[in-house]
There are 2 protein chains.
Amino acid sequence: MTTPAGDRAPERLRTTPSWLLTRLADHAAHLAREAFTAAGAGRYHYALLVTLVEGGPASQATLGRRCGIDRSDVVAALNELVARGHVERRPDPADRRRNVVTVTPAGREQTERTGKALDEVQERLLAPLDAADRRHLTDLLTRLLRHHAPGRL
Amino acid sequence: MTTPAGDRAPERLRTTPSWLLTRLADHAAHLAREAFTAAGAGRYHYALLVTLVEGGPASQATLGRRCGIDRSDVVAALNELVARGHVERRPDPADRRRNVVTVTPAGREQTERTGKALDEVQERLLAPLDAADRRHLTDLLTRLLRHHAPGRL
DNA sequence: CTCCAACGTTGGTTCAACCAACTTTTTCGG
DNA sequence: CCGAAAAAGTTGGTTGAACCAACGTTGGAG
C-alpha cells in the first residue's frame with residue numbers, strides 16, 4: 001500500500017481556509033456541546049446568561065442582537081431558562097412591548113459553572129498552541145469577525 | 001443607557017476562541033454557500049469532485065473518509081452528481097461490494113469553475129489580512145486540525 | 001465453512017440558524 | 001392629533017449539515 005492511512009483529505013481542501021475553519025469550528029462546537037450538556041445547558045442558554053451577567057437586565061430583542069441569536073430562538077431559550085429558575089422575565093413598565101429579563105442568583109451560579117467547563121474546553125481545543133500562538137489566533141479571528149460583523153464586536 | 005453602543009457581544013464571548021471560531025465559520029460557510037449555489041453545487045459535491053480529481057477514482061467509503069462525509073451523505077451527493085453527469089458510478093469488478101466512482105470531463109470542468117468561485121470567497125473572507133497573516137492563520141488552523149483529527153490531515 | 005468486517009443504501013434524528021406572519025405597543029411624519 | 005411605520009414578543013414553520021441505526025450483500029481471515 002502506497003498510503004498506509006489512505007484517508008487523507010486532498011490538498012485542495014486542506015489549503016482552503018474556509019474549509020479548515022468550518023472543520024475546526026465543527027470540532028470546537030462538538031467539544032463545547034459536550035461541556036454544555038454536561039453542565040445542563042445549551043449554547044444559547046450560556047450566551048444569554050453571560051450577556052445578562054455582563055450587561056445587566058435587557059429586553060429579549062437586545063439580548064438577541066447582542067449575542068447574534070434570532071428573536072424566536074431567544075424566546076425558546078428563555079422559556080427554558082425561566083423554567084429552570086435561571087432568569088426572570090417580566091413586562092417592562094416603561095415600554096409594554098418589551099420584557100425585562102434578569103438573572104437570578106441560581107442563574108449566576110449556573111453561568112459560572114458553565115463558564116468553567118467552557119474554559120476547560122478552550123484548553124483542550126488550543127492544546128497544541130503556546131500562549132503567543134493562542135493570542136495570535138484570537139487576534140486574527142477577532143480581526144476577521146470585526147471586518148465581517150461590524151458593530152457587533 | 002448603560003450601553004451606549006447597545007448591541008455589542010459581551011467580553012466573555014468575544015474572548016472565547018471557540019465562540020469566535022464558530023461565529024466566523026458560520027460566516028465563511030455562508031459565503032461559500034453563495035458561491036456553491038451560484039455554481040450549481042453544494043459543499044459535499046465540491047468536496048467529492050475535488051477528491052476525485054486529485055486522488056483519482058475511488059470507492060464511496062474511501063471518498064467519505066477522505067473528505068469527512070458520512071457514507072449515507074456520500075450516497076445522496078453522488079446520486080445528484082451522477083444525475084448531472086459529473087461523475088460515473090459503476091460496480092467494482094474486483095470487489096463487488098464497492099462502487100468505483102470516476103469524474104467525467106464535465107465533472108472536471110465543474111470542479112474548476114466551482115474552485116474559482118471558492119477562491120474568490122477566500123479572498124473576500126481574508127480581505128483584512130495580509131499575506132503573512134493569511135499564512136499564519138492557515139498554519140494555526142492546520143496545526144489545530146491535525147491535532148484533533150489525526151490521520152485525516 | 002463460519003464468523004466478522006466492510007460496503008452501499010435507506011430512513012431516519014438532531015441541532016443551529018433562519019424566515020414569515022401575526023398581535024400588541026410605541027414612535028414618528030404630516 | 002392621527003395614521004402609518006417600526007419594534008417587540010410569539011408561534012410555527014424550513015433549511016443545511018452532521019450523524020446514527022439497521023439491513024442485505026460481499027470479502028476475507030481463522
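Lettering follows sequence order; numbering is per chain, from 1.
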For [X], side-chain contact (heavy atoms from CB on, under 4.5 Å) partners two or more places apart:
X: B:Arg33; answer: B:Thr37
X: A:Ala35; answer: A:Ala117, A:Val121
X: B:Thr114; answer: B:Phe36, B:Ala39, B:Tyr46, B:Gln110

Find every protein N or O atom lying less than 3.5 Å from an N or O atom of nucleotides 11-13 of chain D, and list the pairs.
unit_1, atom_1, unit_2, atom_2, d
D:dG12, O6, A:Ser72, OG, 3.4

Suppose we screen for side-chain hydrogen bond (donor to acceptor under 3.5 Å, both in side chains). Which residues come up paired with A:Asp26, at least two apart in sequence or across chains?
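Scan of A:Asp26 (side-chain hydrogen bond (donor to acceptor under 3.5 Å, both in side chains), adjacent residues dropped) gives none.
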Taking only residues two or more places apart in sequence, or in another chain, which ones meet A:Arg108 in a side-chain hydrogen bond (donor to acceptor under 3.5 Å, both in side chains)?
none
Whole-Å distance between [N] [atom2] and [X] [atom1]?
X: B:Arg89; N: C:dC7; atom1: CZ; atom2: P; result: 16 Å
X: B:Leu81; N: C:dG8; atom1: CG; atom2: P; result: 15 Å
X: B:Arg90; N: C:dG8; atom1: CZ; atom2: P; result: 14 Å
X: B:Asp7; N: D:dA7; atom1: CG; atom2: P; result: 12 Å

Within less than 4.0 Å of OP1 or OP2 of D:dT10, is there a side-chain N or O belonging to A:Gln60?
yes
Result block: side-chain N/O donor-acceptor pairs under 3.5 angstrom for residues 73-88 of chain B, not counting sequence neighbours:
unit_1, atom_1, unit_2, atom_2, d
B:Asn79, OD1, B:Arg89, NH2, 2.3
B:Asn79, ND2, B:Val75, O, 3.4
B:Glu80, OE1, B:His45, NE2, 2.5
B:Arg84, NH1, B:Gly40, O, 3.0

dist B:Thr62:OG1 -> B:Arg71:CZ (nearest 0.5 Å) comes out at 11.5 Å
Answer yes or no: does atom CD of B:Glu112 have more than 12 heavy-atom neighbours from other residues, nucleotides or ligands under 6.0 Å?
no
Contacts of type ring-ring contact (aromatic ring centres under 6.0 Å, His included), residue B:His148, not counting sequence neighbours:
A:His27
At a heavy-atom distance below 4.0 Å, what parts of residues 91-102 of chain A sit against DNA chain C?
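Contacts with DNA chain C under 4.0 Å: A:Asp95, A:Arg96, A:Arg97.
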If you take any heavy atom closer than 4.0 Å to DNA chain C, which residues from residues 27-49 of chain A end up in contact?
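The stretch gives A:Arg33, A:Arg43, A:Tyr44 as the residues lying under 4.0 Å from the strand, ordered by number.
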Mind checking if B:Ser59 touches a base, just sugar-phosphate, or nothing, with heavy atoms under 4.0 Å?
sugar-phosphate
Enumerate the residue pairs fulfilling ring pair (Phe, Tyr, Trp, His ring centres under 6.0 Å) with a member in residues 116-137 of chain A, sequence neighbours excluded, ordered by first and then second residue.
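Output for this query lists A:His136-B:His136.
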Would you confirm whether A:Arg134, through its side chain, and A:Leu129, through its main-chain N or O, come within 3.5 Å as a donor-acceptor pair?
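Yes, because the side chain of A:Arg134 sits within donor-acceptor range (under 3.5 Å) of the backbone of A:Leu129.
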Let me test you: for the helix from C:dC1-D:dG30 to C:dC15-D:dG16, what is the angle between the axes at its two ends (five pairs each), rounded to 10 degrees?
30°
Between B:Arg143 and B:Asp139, is there a side-chain N and carboxylate O pair less than 4.0 Å apart?
yes
With no hydrogens and no angle check, just 3.5 Å: does a side-chain donor-acceptor pair link B:Ser18 and A:Gln122?
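A pair is found: one side chain offers a donor N or O, the other an acceptor, under 3.5 Å apart.
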